[in-house]
Amino acid sequence: MTGKMADRMIVASSSLQGKMKMLGDKSISHRAVILASIAQGKSCIEGIQEGKDLLATMQCMQNLGVQIEEDGKYLFIEGKGLRGLKEPEDILNCQNSGTTMRILSGVLSAQNFYSVLTGDISLRKRPMERIVLPLGKMGARIWSRKGYLAPLSIKGGALRGIEYSLPVASAQVKSSLLLAGLYAEGVSRVKEPYPSRDHTERMLSFMDADIHVDSSRIAVRGGKEIKARDFFIPGDFSAAAFFIGGAAVLEGSRVKIEKVGVNPTRCGFLEILIEMGAKIKLCNRNIICNEEVADIEVESTSKLQGVKVNKEKVPRFLDEIPILAVVACFAEGKTLIEGAKELRVKETDRIKALCVELNKMGARIEEREDGMLIQGAGKLKGTEVYSWEDHRIAMALAIAGILAQGTTVIHNARCIDISFPDFWEKLEKIRGRRPRMR
Ligand code: S3P
């Protein structure tokens with residue numbers, strides 16, 4: 001770290017080498033904690049992710065009366081059943097976590113009590129209309145600030161099943177409605193324009209909910225209790241992606257990441273890298289707790305080609321666009337990312353943040369309303385950049401820093417703790433050092 005604790009200095013690396021495991025997948029961890037809390041019986045979770053977003057979810061569930069105990073590498077959750085949560089005595093703080101606020105709103109809409117959800121300055125700017133409106137159609141009473149912004153006040157009550165087509169593919173919104181659907185009278189049906197991550201559907205079926213999935217439509221029948229389970233959370237693909245991207249570019253690299261979640265609705269980034277010419281292998285494939293798991297091996301390649309990625313693919317690699325933008329700076333030719341307007345309403349406006357910060361490092365990226373056009377520059381140069389207080393922007397810049405010539409300083413890099421608290425230790429373990437260029 002440099003003088004200010006939150007800043008981080010990075011020097012170029014010679015290669016990335018080694019074997020490692022990631023902490024548990026963030027999306028699956030949130031769902032396991034929330035669903036285990038409303039299940040019947042005691043669940044045991046192995047491999048939970050412990051970034052700040054997850055701590056926010058656990059704190060909210062504890063404030064709703066759920067008992068959560070940690071014992072070594074296991075987390076035990078005493079499920080309350082669908083109707084057993086208690087009214088929280090104070091506001092529930094989701095901190096920076098959109099997943100917590102949106103998914104939990106679905107559950108709270110059906111409770112026989114009053115609750116208020118808030119978050120940090122970033123979360124209080126993010127769009128909540130996408131859950132407030134459909135939950136309202138189910139009968140939920142939710143009040144918000146002007147523009148459907150949090151804090152959200154929820155007076156829970158009886159819900160009814162609806163049929164709803166999501167205007168944008170969003171796993172958080174879909175999950176919120178499916179969880180509300182567990183409580184609703186009749187059947188709730190949700191349709192997506194393009195498939196987004198399906199962890200909720202898989203977990204609900206693993207926990208014996210009355211759920212049916214056919215192509216793009218999911219139906220859940222309300223009123224049936226879900227069952228506690230023993231969960232194994234696979235390694236976080238979105239965290240692994242930073243090392244996969246770095247190793248694909250950096251000459252002489254060879255990295256193996258074990259037991260990573262490779263759910264097809266999450267692995268669009270691997271397909272894109274392979275299309276760009278990257279050398280990637282998946283081995284030891286397995287299905288654990290209804291999720292696909294594998295070891296991912298990646299080796300650097302001398303030439304990556306630019307690609308065009310469009311709308312339908314975006315939900316399958318949404319969180320990997322920051323690292324894809326970095327990789328594309330080293331590919332030959334142009335990379336065009338379209339249909340990714342959703343990036344503008346993440347923890348920060350990620351399209352703008354990537355264009356501004358990577359261009360400071362000598363990238364040639366043109367900002368588009370719904371994405372970006374990246375002209376491979378073949379190199380980046382170290383300089384001072386800013387995280388925009390967004391964990392994925394900070395990590396993408398860290399990888400840009402090890403690929404760049406010279407020294408990079410990332411201001412406010414502490415936000416990486418949101419999803420990847422041991423990022424620097426892991427990076428340190430696999431990186432070789434390259435003499436600094438003047
Ligand atoms: C998530 C869904 C995605 C993703 C986010 C996690 C989830 O968001 O970007 O990091 O766990 O459901 P959207 O639902 O807004 O697309």
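Each ligand, and each atom within it, is numbered from 1 in the order the structure gives.
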**Report entry** Under 4.0 Å to a heavy atom of S27 - the qualifying atoms of ligand 1, by number
**Finding:** 1 (C), 6 (C), 7 (C), 11 (O)
Query raised in the report: Donor-acceptor pair, E357 side chain versus Y386 backbone, under 3.5 Å?
Result: yes
Query raised in the report: Quick check: does Q172 get an N/O under 3.5 Å from an N/O on ligand 1?
Result: yes
Query raised in the report: For ligand 1, which part of K346 has a heavy atom less than 4.0 Å away: the side chain, the backbone, both, or neither?
Result: side chain
Query raised in the report: Under a 4.0 Å heavy-atom limit, does R31 contact ligand 1 with its side chain, its backbone, both, or neither?
Result: side chain
Report summary line: Note: R197 and A171 closest approach over all heavy atoms is CG-CB, 3.2 Å
Query raised in the report: Quick one: which of V345, D319, D53 has a heavy atom closest to atom 10 (O) of ligand 1?
Result: D319
Query raised in the report: Going by the order shown, which atoms of ligand 1 are within less than 4.0 Å of some heavy atom of L318?
Result: 9 (O), 16 (O)
Query raised in the report: Do ligand 1 and R197 have nitrogen or oxygen atoms that lie under 3.5 Å from each other?
Result: no
Query - Check: V173 N/O within less than 3.5 Å of ligand 1 N/O - result: no
Query raised in the report: Near N112 CG, under 6.0 Å, is it more than 12 heavy atoms from other residues, nucleotides or ligands?
Result: no
Query - Which residue and heavy atom of the protein sit nearest atom 14 (O) of ligand 1, plus the separation - result: S170 OG, 2.7 Å
Query raised in the report: Salt bridge or not for K259 and D295, using N-O below 4.0 Å?
Result: no
**Report entry** Quiz item: cation-pi between R229 and F206, 6.0 Å / 45°
**Finding:** yes
Report summary line: Rounded to the nearest 0.5 angstrom, the CE-CZ distance for M203 and R31 is 7.5 Å
Query raised in the report: On the ring face of Y194, is K313 found with NZ or CZ under 6.0 Å from the centre and within 45° of the axis?
Result: no
